[in-house]
Amino acid sequence: VTRSDEPILPLERVVTHELPNGLRVRLLVDRAVPTVSYYTFFRVGSRNERIGVTGISHLFEHMMFNGAAKYGPKEFDRVLESRGGTSNAYTSNDLTAYFEDFAADALETVVDLESDRMRSLLVTPETLEQERQVVQEERRLRTDNSIFGLMEEQLESLVFQSHPYRWPVIGWMDDIARITREDCLDYFRTYYAPTNAVVYAVGDIDPDHLLDLLGRHYGDIPAGPAVPPVPAGEPPQRGERRAVVRYPAQAPAVMVGWRGPEARHPDSAALDVLQTVLAVGESSRLRRRLVEQEEIAVSASASWAWRMDPGVFLLFLELAPGMRAPKAESILWDEMDKLATKGVSASEVRRAQRLLRSMVLHELATHSGVAHALGQAEALLGDWREAGRALELYAAVGARDLKRVAREWLDPTRRSVVTLEPVEPGSLRRRSR
Amino acid sequence: MSEKIQLPPLHRERLPSGLEVVVVDRPGVPLVAVRLIVAAGSALDPGRGHGLANLVVQVARRGTARRSGTEIDEEIESLGAELGCAADEDASGFGLSAPSESLADLLDVVVDVATAPMFPMREFERVRRREVASIAHVLDEPGAVADRAMLRATYANHPYAHPPDGRRAHLAALRRRDLVEFHERWYGPEGAILVIVGRVDVAETLALARRKLARWRPRAAEAPPVPPGPTPVERRVLVVDKPDATQVQIRISLPALARSTPEYFPAIVANAVFGGGFTSRLVESIRVNRGLSYGVRSRFGMSRGGGIFFISSFTKTETAAELVQVALDEAARFADAGPLLEELRRAQSWLAGLHPLSLETQEQLAEKLADAWLYGFPLEQITEYAAGIRAVTPEQCTAIARSWFPVDGTGVIVAVGRAREVAKQLRAFGPVEVLPASRVV
């Protein structure tokens with residue numbers, strides 16, 4: 001029923017270039033759909049921040065949509081939408097990515113828009129104040145009124161004591177309130193120069209034409225200063241760390257985190273396989289045991305997010321009403337212990353590898369997915385070509401590797417645990433008065 | 001550049017049982033998407049059995065004559081797929097997307113689960129406990145509470161008034177026999193479609209579908225009914241109390257158009273100008289000019305028997321009334337004067353330009369084809385989408401706003417937040433009813 005496989009990501013067809021000002025460019029032609037996905041990755045995220053201005057990377061991402069010299073306030077999206085395109089951006093601990101998806105004939109407009117804001121962003125007091133309020137509202141939505149958000153913020157602050165990963169990407173509310181226009185301008189000069197950026201375009205493009213366009217539009221932007229180094233490093237963890245979040249909720253919840261390796265570490269792929277064994281799919285270990293058999297949780301999930309510096313391997317359990325956190329924890333510790341002592345079966349590894357293969361194929365099924373994968377690989381692993389190696393890395397992981405990485409990275413004495421302790425609705429308000 | 005969409009050839013076949021089969025060979029990454037849909041959703045839940053359609057589809061995957069629930073999970077997942085099972089107001093179904101080489105094995109499981117579930121008692125009881133617990137967790141998500149309250153306030157006694165996952169008390173009263181009967185009555189091949197999109201050999205795939213589905217006999221004598229349209233509602237305010245919230249979730253909604261409406265394109269375009277994209281009137285007035293919210297949008301939710309129009313946003317407790325006022329003012333202004341030509345052209349280009357992206361993956365195309373069957377719209381709505389969008393006039397947009405936007409004292413305002421403060425603020429808009437959050441589940 002199937003056809004023979006072609007290479008999933010034709011790396012040999014990627015066209016690369018670097019402008020004299022240091023801007024790097026990676027292009028891939030794919031005419032399956034008459035659209036283009038255009039990404040600009042800046043190598044800056046919350047890890048480049050300092051205490052007092054946490055959240056500036058993310059607030060700044062919002063400011064990038066508020067006008068530049070040629071396309072003034074409110075123009076960016078208007079011009080793009082009128083040409084059949086859409087745009088968005090995200091900020092992570094490590095990077096800030098801007099992207100546009102659009103009908104192929106809008107390419108020149110997009111290059112003009114993106115180069116305009118890299119060259120000459122405007123930061124007016126009015127737009128900064130308005131955007132500050134928008135971000136505070138975003139923080140209320142995703143963190144202050146979200147159980148997962150509240151717990152995750154606590155967990156990262158437990159797992160990291162000195163590394164900038166200890167504060168949230170959106171920033172602390174007080175810092176969002178105090179970031180100044182000068183902070184923003186300084187940030188723009190330091191981190192938004194062509195030297196610190198890479199452009200990716202995937203889709204219905206003509207590479208020669210596009211390279212010419214890029215040279216004309218970005219060529220005169222001056223190369224930036226050297227980016228200050230990030231104070232990496234973290235003191236050793238000498239025992240379990242704990243925090244409690246008290247919040248009105250229907251049931252307790254448990255979140256656990258371990259400091260894992262950096263993305264470039266050879267164990268990163270094995271930890272992806274391990275999280276799939278643990279919590280992806282109905283037949284994963286934690287879902288089967290905690291949700292199906294013991295019925296103590298309504299959901300069990302894992303997340304191992306690759307980062308530039310050592311990141312977090314996270315587990316999250318939402319308990320069923322009436323269940324208690326200590327019991328859920330003891331079952332969870334039992335499962336983690338089994339993992340480290342008895343390992344996993346070959347069929348579990350195979351199941352995880354196949355699920356991961358599907359995941360990679362799905363990611364590479366769209367122009368946007370391909371462009372993002374190239375950018376992510378270059379930012380986190382130092383080379384866009386790594387985007388084509390994911391399948392090979394997963395395929396190389398064996399059952400023995402999983403047992404070893406479970407012991408090495410998920411040791412009980414080096415875990416951090418946040419529990420949600422439900423309180424009566426209304427009790428937080430009363431106390432805070 | 002022509003904006004007409006060239007779909008790959010669709011190979012359709014109606015099996016003797018009445019089942020509609022559509023197979024599409026499409027190049028790209030070696031994935032295949034499979035959807036098996038029956039035209040029976042939560043609108044068919046009995047009056048005291050809200051959540052039945054969803055429970056049927058969830059328990060169906062927990063065992064057949066040939067496989068236990070555990071075996072189903074293992075078989076599907078060891079092939080690199082995850083089986084999605086869901087019911088919405090109009091349909092129930094199963095879907096997955098996986099590497100093409102596993103199609104035959106995966107289809108075997110999907111067909112088994114859809115056509116021959118055993119509803120084992122133990123699994124029925126367990127899944128029901130899990131669903132009841134999951135509904136409780138909805139209470140901790142203010143946005144989800146607001147959505148549920150909105151459906152209930154807008155649709156009143158209509159079958160679309162309850163969310164597909166139902167109510168805790170109703171689930172507790174359901175028996176296994178209810179599931180078996182629902183399945184027997186409504187899961188028949190004459191009210192179903194199988195869509196397969198991917199890198200497949202068409203002849204072999206059609207033969208495979210015929211073989212796998214040969215034993216699915218027509219059972220339901222009656223076609224599942226399409227629910228009647230909802231009736232209009234007066235302007236009123238429903239406040240759901242979350243005493244510890246620092247933000248209010250807000251919805252403003254009213255009954256609107258069914259998916260089959262001839263006004264489909266005007267509705268899509270009018271909404272895009274008003275509250276669709278990043279440069280819509282609502283985003284401009286609420287986010288850009290006033291910093292009241294991080295997100296605001298409006299949308300026509302269109303179903304088979306009717307639909308709703310709603311505005312959705314959130315803001316800090318102190319500015320709830322201001323946000324509602326701005327949104328209603330914008331609706332009135334739009335209904336009065338319609339869109340500027342420049343706004344209309346921008347929205348049309350935006351919608352037309354992005355349309356190809358909504359068909360980029362195998363899953364997206366499979367879903368669109370299943371929708372065309374379910375809602376009965378012609379494929380030209382997909383292939384000639386851009387032309388339909390570009391033909392819309394300013395007058396048509398104005399007419400849409402006058403009929404379906406919350407103007408002239410229509411539209412229910414739902415607010416989820418600190419009731420004491422929010423109710424006081426919103427009194428000016430209409431009679432206020434305050435509900436504890438627990439009443440919503």
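The figures here come from the full heavy-atom set of this structure, side chains too, leaving out hydrogens, waters and symmetry mates. Just so it is clear: chains get the letters A, B, ... in the order the sequence lines come, proteins before strands, and each one is counted from 1.
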ask   = Distance-only, no hydrogens or angles: does the B/D244 side chain make a donor-acceptor pair with backbone N or O of A/G426 under 3.5 Å?
value = yes
Residues B/D73 and A/E292: closest non-hydrogen pair is OD2-OE1, 4.4 Å
Okay, A/L80 and chain B: the region with an atom under 4.5 Å from a heavy atom over there is neither
Of the listed A/L364, A/L141, A/I147, the one with the largest count of heavy-atom pairs under 4.5 Å with chain B is A/L141
Honestly, the part of B/A203 sitting under 4.5 Å from a heavy atom of chain A is neither
Whatever's closer than 4.5 Å to a heavy atom in chain B on A/A32 counts as neither
Item to complete: Taking the side chain as every heavy atom from C-beta outward, state whether A/L361 and B/P30 have any atom pair closer than 4.5 Å.
Response: yes
Distance col, row B/Q247:CD vs A/S146:OG, nearest 0.5 angstrom, shows 10.5 Å
Nearest heavy-atom contact between A/T366 and B/E360 is CA-OE2, 3.3 Å
| message | Assess whether a salt bridge exists between B/R287 and A/E131, defined as any Lys/Arg side-chain N lying under 4.0 Å from an Asp/Glu carboxylate O. | response | yes
Tightest non-hydrogen contact, residues A/S358 and B/P99, listed as OG-CD, 3.0 Å
When rounded to the nearest 0.5 Å, the distance separating CD of B/E343 from OG of A/S82 is 12.5 Å
Okay, B/L354 and chain A: the region with an atom under 4.5 Å from a heavy atom over there is both
- Message: Counting neighbours of CZ on A/R324 that are heavy atoms of other residues, nucleotides or ligands and sit closer than 6.0 Å, is the number greater than 12?
- Response: no
Check this for me: does any side-chain nitrogen of one of B/E284 and A/K74 sit under 4.0 Å from a carboxylate oxygen of the other? yes
**OP:** Determine whether the side chains of A/R142 and B/Y294 contain a donor N or O and an acceptor N or O closer than 3.5 Å.
**Re:** yes
Max heavy-atom pairs within cutoff under 4.5 Å with chain B, candidates A/E138, A/R132, A/E129, A/H62, goes to A/E138
Closest non-hydrogen contact found for A/R78 with B/T279 is N-CG2, 3.4 Å
Honestly, the part of B/Q362 sitting under 4.5 Å from a heavy atom of chain A is neither
Worksheet item: Is any side-chain heavy atom of B/L292 closer than 4.5 Å to a side-chain heavy atom of A/Q133?
Response: no
The interface call for A/R288 against chain B, heavy-atom contacts under 4.5 Å, is side chain
Cut-off 4.5 Å, heavy atoms of chain A, and the answer for B/R122 is neither
*Is A/H362 close to B/V29 at the side-chain level, that is, under 4.5 Å between some pair of heavy atoms?*
no
In this structure, CZ of B/F278 is separated from CZ of A/F76 (nearest 0.5 Å) by 10.5 Å
Whatever's closer than 4.5 Å to a heavy atom in chain B on A/S347 counts as neither
Separation between CZ (A/R140) and OG1 (B/T315), nearest 0.5 Å, reads 7.5 Å
With a 4.0 Å cut-off, would you call B/R129 and A/E295 a salt bridge? yes
ask   = Does one side chain, of B/S293 or A/E137, offer a donor that lies under 3.5 Å from an acceptor on the other?
value = no
With chain B, the option among A/A320, A/A106, A/G281 that has the most non-hydrogen atom pairs under 4.5 Å is A/G281
Of B/P142, B/S97, B/G277, the largest count of non-hydrogen pairs under 4.5 angstrom with chain A goes to B/S97
If one checks every heavy atom of B/I76 against chain A at 4.5 Å, the contacting part turns out to be neither
Checked A/D77, A/V298, A/N145, A/V33 vs chain B; the most non-hydrogen pairs under 4.5 Å come from A/N145
Taking every heavy atom of B/E82 against every heavy atom of A/L355, the minimum-distance pair comes out as CG-CD2, 4.0 Å
In terms of heavy-atom pairs under 4.5 Å with chain A, the winner among B/V32, B/L139, B/T361 is B/L139
So, the part of B/Q249 with a heavy atom under 4.5 Å from chain A: the answer is side chain
Open item on the list: Between the side chains of B/R345 and A/E81, is the shortest nitrogen-to-carboxylate-oxygen separation below 4.0 Å, so that they form an ion pair?
Closed with: no
Here the gap from B/E74 atom CD to A/S283 atom OG, rounded to the nearest 0.5 Å, amounts to 5.5 Å
Under 4.5 Å to a heavy atom of chain B? For A/S87 that would be backbone
Under 4.5 Å to a heavy atom of chain A? For B/A136 that would be both
One option among A/V134, A/D144, A/V280, A/L356 has the most heavy-atom pairs under 4.5 Å with chain B, and it is A/V134
Rounding to 0.5 Å, atoms CZ (A/R350) and CD (B/E77) come to a distance of 14.5 Å
